[in-house]
Amino acid sequence: MALPLILASHSRPRRDLLYSAGICPMIRESHVDERAVILDMAKRQNVNPDQIPAQERVAALSRAKAQTVAESFKAVKEAAKNARGYRQISTPLKDGHGTISAVESMQDAIKSQQGMATIQVGPLVVGCDSMFTLDGVTYGKPHDKDRARTRLHLMSGKTGTLWTGHCLIDLASGKELHAVSSSQVTFCELSDADIESYIATGEPLEVAGSFTLEGFGSAFISSIQGDPSGVIGLSIPTLRGMIESLGIAWTDLWNLTREDKSPSNPDNPVAPKDNVHQPGDGWIECLCGHRHWGLNGASGVLLARRNEQTGEVTDVLLQHRALWSAEGGTWGAPGGATSDGESPLEGALRESFEEANIHPDDIEVEGSYLEDHGPWGYTTVFAFEKPGHSVVPKANDDESLEVGWIPLKDVMNYRLISPLQNDWSEFVKRLQEISRRMLNNQISSAQRQ
């Protein structure tokens, strides 16, 4: 299996560059406050932010983005490492019903699944940021038409430099590398009509330097000296050199072929244009007669809230699934397809944060249940809020109509996704059993003290 690459950016041009190079990255947006990073940098250097060279700014921003995403994956690994309880496995296609066919500890399950917590190299996280300099002035994204118009007039017929910072982190070893690429970009003479028509497309408003090489702006670029992919926002030669300096072959990251296409399901509405194709996304034709989402299987976190005095489970956090998703419009545990290189537990923790804001630092994993169909399976991870922690549900991507805490007694009033509907009564028993065990452990611990 290919070594997983995590791109700390939602930028379509960057991921398209990687697609073209044979790599489908896992996408994790950093949500870094770029202005705050630069202001903090200026404060530490005791200078005006405008005095910081572009190459230093992009280096700092790329590092902040990569580190933020790396920390989120470290939290996933830590939550998996601390998982308690046991995993139950049912094989309904073999025995004709959903009885438990095997039980193993969560830690034994993690060791057997060879996820991120057990590999010696990777996953690799890459963060990037770009800025443009012209006549000694640094330009980021203009954000409004007037600023873009002024910049485009200044750029007409001139040559500037596009700087792109890169930060690469190997999660297994913690090694961190940095590099900045630069390319000289020469523009043709732009007429007032050219500029107004270009602004009307909206493209120059939210891109570094007010232009793109891969879009409408390409027609106004006369020449480039340096790496064109760096102008798009991620220098492939620079990234390849960084990866190879870690002793990793670039080809070890290849996980696409020219025949690969974005996944689709004729039974569901089309996904939004900006929805990201992640490694592991796709449909499986199962022997049970249904199509299942997730080439490596799928998983989700069934997070419960409990009364710490009585041990009673009071609420569960559920996701109202987007209409275009698998079994769209139903309610279920936040989750999705397991990505390449992940264990089902790690995939559930990652997906539940992306879809419902369940941060791994705020929960305790207490067991799981696998419905094993052979080439495909769905893992439900049972978890509870940590004492003193509170999970505030929020839809962090476009795969949820809404997310929220649902009183346990009301769950059956909702239209549930099939895996949850089929096993709900058993899941409630399991959650109550786990909660009672947690309460007994609390009492025993208090008595020892």
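Not measured: the values here are computed from a predicted model. These numbers come from the heavy atoms of this one structure, side chains and all, not from hydrogens, waters or symmetry mates.
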Polar side-chain atom of Asp372 near backbone of Gly377 as donor-acceptor pair, under 3.5 Å: no
Leu3 CG to Ile243 CD1 distance, which is reported to the nearest 0.5 Å: 8.0 Å
Step-by-step side chain to side chain contact (heavy atoms under 4.5 Å, CB included) determination, Glu385 to Asp362: CA-CA 6 Å; Glu385 291 174 306; Asp362 293 325; over 6 Å; no
For Ser299 against Gly347, the heavy-atom pair lying closest together: OG-C, 3.8 Å
Donor-acceptor under 3.5 Å (Trp250 side chain, Gly241 main chain): no
Contact summary for Thr212 and Tyr198, nearest pair of heavy atoms: N-OH, 3.5 Å
Heavy-atom closest contact (Ile27 atom, Ser9 atom, distance): CG2-O, 3.1 Å
For residues 334-341, which side-chain N or O atoms pair as donor and acceptor with protein atoms under 3.5 Å away, sequence neighbours left out?
unit_1, atom_1, unit_2, atom_2, d
Ser339, OG, Pro279, O, 3.1
Asp340, OD1, Asn296, ND2, 2.9

Whether Glu351 side chain and Gly300 backbone form a donor-acceptor pair below 3.5 Å: no
NE2 (His153) with more than 12 external heavy atoms under 6.0 Å: yes
Side-chain heavy-atom pair Leu171, Ile6 within 4.5 angstrom cut-off: yes
Heavy-atom side-chain contact between Val37 and Met41 under 4.5 Å: no
Gln45 atom CD, neighbour heavy-atom count above 12 within 6.0 Å: yes
SB check Glu346 Arg350 (cutoff 4.0 Å): no
Polar side-chain atom of Ser400 near backbone of Val403 as donor-acceptor pair, under 3.5 Å: no
Pro25 side chain near Tyr19 side chain, heavy-atom distance below 4.5 Å: yes
Atom pair NZ/NZ of Lys77 and Lys81 - distance to nearest 0.5 Å: 9.5 Å
Residue pair Val381 / Ala348: nearest heavy atoms and the distance that separates them: CG2-CB, 3.8 Å
Heavy atoms from other residues, nucleotides or ligands near CD of Gln51 exceed 12 (cutoff 6.0 Å): yes
Geometric class of the His373/Trp376 ring pair [parallel <30°, tilted 30-60°, perpendicular >60°]: perpendicular
Nearest heavy-atom neighbours spanning Ser210 and Leu152: O-CD2, 3.6 Å
Close side-chain approach of Trp283 and Glu285, heavy atoms under 4.5 Å: no
Carboxylate-amine/guanidinium proximity below 4.0 Å for Arg57 and Glu34: no
Asn255 side, atom CG; Met26 side, atom CE - distance, nearest 0.5 Å: 10.0 Å
CG on Leu239 to NE2 on His166, rounded to 0.5 Å: 6.5 Å
Pairing of Arg149 and Asp146 as salt bridge, 4.0 angstrom limit: yes
Donor-acceptor contact present, side-chain Ser20 to main-chain Asp16, <3.5 Å: yes
Audit row: Phe353, Val301, side chain to side chain contact (heavy atoms under 4.5 Å, CB included) steps and yes/no: CA-CA 9 Å; Phe353 173 70; Val301 172; over 6 Å; no
Thr164 versus Ser130, side-chain donor and acceptor atoms under 3.5 Å: yes
Whether over 12 other heavy atoms sit under 6.0 Å from Phe216 CZ: no
Donor on one side chain, acceptor on other, Ser235 and Asp227, under 3.5 Å: yes
Under 3.5 Å donor-acceptor, Asp170 side chain and Leu124 backbone: no
Gln67 and Ile169: CA distance, side-chain angles, deciding distance, side chain to side chain contact (heavy atoms under 4.5 Å, CB included) verdict: CA-CA 8 Å; Gln67 287 182 333; Ile169 300 175; 4.0 Å; yes
Check: Gly115 main-chain N/O paired with Ser343 side-chain donor or acceptor under 3.5 Å: no
Side chain Thr186, main chain Ser222, donor-acceptor under 3.5 Å: no
Any side-chain heavy-atom pair of Leu18 and Ile236 under 4.5 Å: yes
The single option from Arg63, Lys65, Arg14, Lys141 passing salt bridge (Lys or Arg N to Asp or Glu O under 4.0 Å) against Asp129: Lys65
Any donor-acceptor N/O pair, Gln55 side chain to Trp163 backbone, under 3.5 Å: no
Point-to-point distance, once rounded to the nearest 0.5 Å, from CG of Leu190 to NZ of Lys158: 12.5 Å
Audit row: Thr138, Asp50, side chain to side chain contact (heavy atoms under 4.5 Å, CB included) steps and yes/no: CA-CA 8 Å; Thr138 299; Asp50 292 338; over 6 Å; no
Contact check, side chains of Asp135 and Leu154, non-hydrogen atoms, under 4.5 Å: no
Non-hydrogen side-chain atoms of Pro228 and Leu213 separated by less than 4.5 Å: yes
Closest non-hydrogen atom pair between Phe427 and Pro419, with its separation: CE1-O, 4.2 Å
Flag side-chain contact, heavy atom, 4.5 Å: Leu370 against Pro344: no
Under 3.5 Å donor-acceptor, His320 side chain and Gly329 backbone: yes
Near-ring test Phe211/Phe220, centroid separation under 6.0 angstrom: no
More than 12 heavy atoms from other groups under 6.0 Å of NZ on Lys111: no
Salt-bridge contact Glu366-Arg84 (side-chain N to carboxylate O under 4.0 Å): yes
Arg28 charged N/C atom sitting above Phe73 aromatic ring, 6.0 Å / 45°: yes
Approximate separation, where rounding is to 0.5 Å, of Met155 CE and Phe132 CZ: 5.0 Å
cation_pi(Arg430, Tyr86) dist<6.0 Å, angle<=45: yes
Side-chain H-bond candidate by donor/acceptor type, Gln319 with Glu399, under 3.5 Å: no
Trace of the salt bridge (Lys or Arg N to Asp or Glu O under 4.0 Å) decision for Lys386 with Glu364: CA-CA 6 Å; Lys386 284 182 180 177; Glu364 295 175 326; over 6 Å; no
